[in-house]
Amino acid sequence: MAKIKSIRGMNDVTPKEVAIWQLVEKSIRSVFSSYGYEEIRLPVVEQTELFARSVGDSSDIVSKEMYTFEDRGGDGISLRPEGTAGCVRACIENDLLRIDSPRLWYMGPMFRYERPQKGRSRQFHQASAEVFGIDHHNADAELMMLAKSLWTDLGIRNNVNLEINSLGNSETRKKYKSLLHEFFKGFSSELDKDSQRQLKENPLRILDSKSETIKGLLADVPSILDHLDSESEDHFNKLKDLLTQSNIDFEVNDRLVRGLDYYNKTVFEWKTKDLGAQDTVCGGGRYDGLVEQLGGKKCPATGFSIGLERLVLLVKEHSKDNGPSTNNLDCNFICLTSESISYALLNAEKIRKEIPSLNLKVNLQATSANSQFKRADKSGSKIALIVGEEELKDNTISIKNLRGKESQETLSLDQVIETLKKL
């Protein structure tokens with residue numbers, strides 16, 4: 001019988017890889033919480049209309065990439081291709097915006113039908129932060145400070161660079177789209193099929209093209225920064241000043257746009273040179289009109305999303321030298337006889353009760369000592385607790401530091417617990 005394989009672009013995360021995912025997720029929870037952001041958990045499935053209204057009917061996401069189907073009641077529903085629209089919907093539905101200016105974060109899988117490649121899957125994962133009710137450059141700057149703190153915590157601060165731009169207000173974008181339309185119309189024969197469609201629907205998206213031919217045309221494209229309204233220009237200048245004061249290096253990229261229709265004013269991306277073509281690790285910006293667009297009262301908002309697959313690749317690339325340790329097992333119980341396994345299980349429970357933060361794995365098969373020590377070493381374990389015939393007879397446990405040169409000791413359970421607490 002033929003094997004059943006996973007769906008293309010929807011990948012397993014095996015135990016060997018989970019450790020670094022847990023490390024990254026733990027860092028995200030810690031850093032986001034340290035800035036006062038609160039976690040919100042959102043459904044994976046939403047009404048299709050939510051994304052059509054927010055992301056835009058003409059966007060590639062809605063027109064090509066969404067997993068959309070009818071449920072048994074005949075309603076159109078979709079696997080979420082991004083998280084912001086669902087977060088806004090949840091804030092409106094749960095009345096989170098009326099009496100507060102919430103700062104929220106969430107993490108989980110998203111789905112887009114794209115060609116799988118390094119750092120890009122059809123089921124991918126994002127961690128996002130959103131700020132509501134604050135129409136001020138300070139909120140944009142805090143998000144960039146938060147991201148910088150996360151990169152520092154993960155040991156990749158020197159491997160990502162910040163690019164920023166402003167898309168102005170709706171009137172700015174309307175005028176700028178007309179300028180782009182006139183500009184690209186002169187090169188219509190050089191535009192690929194997607195860009196020709198975007199020329200009719202939203203010329204801004206051509207600026208985000210990955211085509212080398214179109215990238216060559218962008219050098220002569222008019223800059224949106226020359227056409228900003230006065231409020232957006234002031235907002236952008238104050239943001240740049242605050243980032244400079246905060247010692248956050250950045251580059252102004254006037255070709256930077258985001259792939260979704262709801263952005264205005266500030267947009268930004270953190271990019272790396274270490275992952276090839278998929279160079280954006282984090283992207284975001286302001287979306288001041290989205291809450292009203294989805295049925296709420298007018299409410300400014302700003303946020304970002306981190307691509308976790310790319311972040312994990314980046315952390316893995318640099319964790320050997322300057323990143324945090326990915327070891328996730330502190331202790332292994334080495335059982336040298338069949339009888340010693342039950343003894344180890346009972347004592348492991350007592351040890352965990354006294355030291356809840358300790359990771360302790362009991363080997364449940366009395367294989368050779370050599371193979372058990374090899375597995376303990378491979379798992380990253382720092383300490384081996386050893387039980388054989390002598391330890392069983394004397395009601396003791398031997399303890400060995402696998403990462404140091406100290407001699408193996410044989411101790412009582414209480415002495416083992418005290419030694420582990422000190423370590």
Side-chain angles (χ1 to χ4, degrees), residues 49-63 81-89 91-92 97 101 130-141 143 163-185 195 197-209 218 221-240 252-269 283-305:
E49 183 188 3
L50 175 68
F51 304 114
R53 285 170 60 182
S54 60
V55 177
D57 278 315
S58 64
S59 68
D60 284 350
I61 292 174
V62 172
S63 63
E82 58 92 37
T84 300
C87 187
V88 171
R89 190 268 313 146
C91 287
I92 297 169
L97 306 177
S101 298
E130 318 281 6
V131 180
F132 295 94
I134 302 175
D135 185 15
H136 203 283
H137 69 277
N138 287 338
D140 303 344
L143 286 168
E163 295 183 3
I164 63 173
N165 193 22
S166 178
L167 300 180
N169 61 16
S170 58
E171 191 60 30
T172 298
R173 292 191 301 283
K174 184 178 178 181
K175 292 177 180 177
Y176 187 58
K177 285 177 184 178
S178 295
L179 283 173
L180 288 179
H181 188 273
E182 288 303 309
F183 175 84
F184 284 116
K185 198 166 66 172
S195 295
R197 176 175 59 83
Q198 290 162 346
L199 184 61
K200 298 176 184 177
E201 297 170 351
N202 185 351
L204 265 176
R205 291 209 186 92
I206 301 177
L207 299 181
D208 198 34
S209 174
L218 297 184
V221 167
S223 172
I224 193 170
L225 296 179
D226 294 332
H227 303 276
L228 290 181
D229 57 284
S230 58
E231 181 191 356
S232 297
E233 186 175 16
D234 182 61
H235 183 106
F236 194 52
N237 287 334
K238 287 178 177 177
L239 171 64
K240 289 186 290 182
V252 175
N253 177 1
D254 61 1
R255 306 295 187 262
L256 177 63
V257 295
R258 300 293 297 148
L260 308 175
D261 280 353
Y262 49 63
Y263 285 111
N264 67 291
K265 288 185 180 173
T266 305
V267 289
F268 62 93
E269 290 183 351
R286 296 202 70 86
Y287 49 96
D288 294 329
L290 186 57
V291 174
E292 191 174 15
Q293 190 176 324
L294 294 180
K297 293 184 178 179
K298 189 173 182 180
C299 177
T302 185
F304 68 64
S305 291

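For this chain, numbers begin at 1 and follow the sequence in order.
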To the nearest 0.5 Å, tell me how far Ser232 OG sits from His137 NE2. 14.0 Å
Once you round to the nearest 0.5 Å, how far does CD of Glu231 lie from OG1 of Thr172? 9.5 Å
Output all residues satisfying side chain to side chain contact (heavy atoms under 4.5 Å, CB included) with Asn264, sequence neighbours left out; order by chain, then residue number. Arg173, Arg286, Asp288
So Leu225 and Asn165, do their side chains get closer than 4.5 Å, heavy atoms only? yes
For Ser101, enumerate each residue passing the side chain to side chain contact (heavy atoms under 4.5 Å, CB included) test, keeping only those at least two apart in sequence or located in another chain. Ile134
Side chain to side chain contact (heavy atoms under 4.5 Å, CB included) involving Glu182 - partner list, sequence neighbours excluded: Lys185
Given side chains that start at C-beta, do those of Ile164 and Val252 come closer than 4.5 Å, heavy atoms only? yes
Could you tell me the separation between the NZ atom of Lys175 and the OG atom of Ser170, rounded to the nearest 0.5 Å? 10.5 Å
With rounding to the nearest 0.5 Å, note down the distance linking OG1 in Thr84 to CZ in Phe304. 11.0 Å
Identify the heavy atoms of Gly303 and Tyr287 that sit nearest to each other, and give their distance. N-CE2, 3.7 Å
Smallest separation among heavy atoms of Ala85 and Leu50, with atom names: O-CD1, 3.8 Å
Non-neighbouring partners of Glu269 that pass salt bridge (charged side-chain N to carboxylate O under 4.0 Å, His left out), sequence neighbours left out: Arg258, Lys271
Any Asp140 side-chain heavy atom under 4.5 Å of Phe268 side chain: no
Check whether Thr302 reaches the backbone of Gly285 with its side chain - one donor and one acceptor, N or O, closer than 3.5 Å. yes
Can you sort out the partners of Asn237 under side chain to side chain contact (heavy atoms under 4.5 Å, CB included), two or more places apart, ordered by chain and number? Glu233, Lys240
Do Val131 and Leu143 pass the side chain to side chain contact (heavy atoms under 4.5 Å, CB included) test, and can you show the C-alpha distance, the side-chain angles, and the key distance before you say yes or no? CA-CA 9 Å; Val131 180; Leu143 286 168; 4.1 Å; yes
Test: Asp135 and Lys298 ion pair at under 4.0 Å: no
Derivation and outcome, side chain to side chain contact (heavy atoms under 4.5 Å, CB included), residues Ile92 and Val291: CA-CA 8 Å; Ile92 297 169; Val291 174; 4.1 Å; yes
To the nearest 0.5 angstrom, please state how far the CG atom of Leu97 sits from the CZ atom of Phe132. 6.0 Å
Of all residues at least two apart in sequence or in a different chain, which pass the ring pair (Phe, Tyr, Trp, His ring centres under 6.0 Å) check with Phe183? Phe187
Using a 4.5 Å cut-off on heavy atoms from C-beta on, say whether the side chain of Lys238 contacts that of His136. no
Under a 4.5 Å cut-off applied to non-hydrogen side-chain atoms, are Leu207 and Ile224 in contact? no
For the residue pair His227 and Tyr176, categorise the inter-ring angle as parallel (less than 30°), tilted (30 to 60°) or perpendicular (more than 60°). tilted
Side chain Arg255, main chain Val221, donor-acceptor under 3.5 Å: yes
Close side-chain approach of Val55 to Glu82, heavy-atom, < 4.5 Å: yes
With a 3.5 Å distance limit and no angle check, can you tell me whether Asp254 reaches the backbone of Ser223 through a side-chain donor-acceptor pair? no
Rounded to the nearest 0.5 Å, how far apart are CG of Leu167 and NZ of Lys265? 12.0 Å
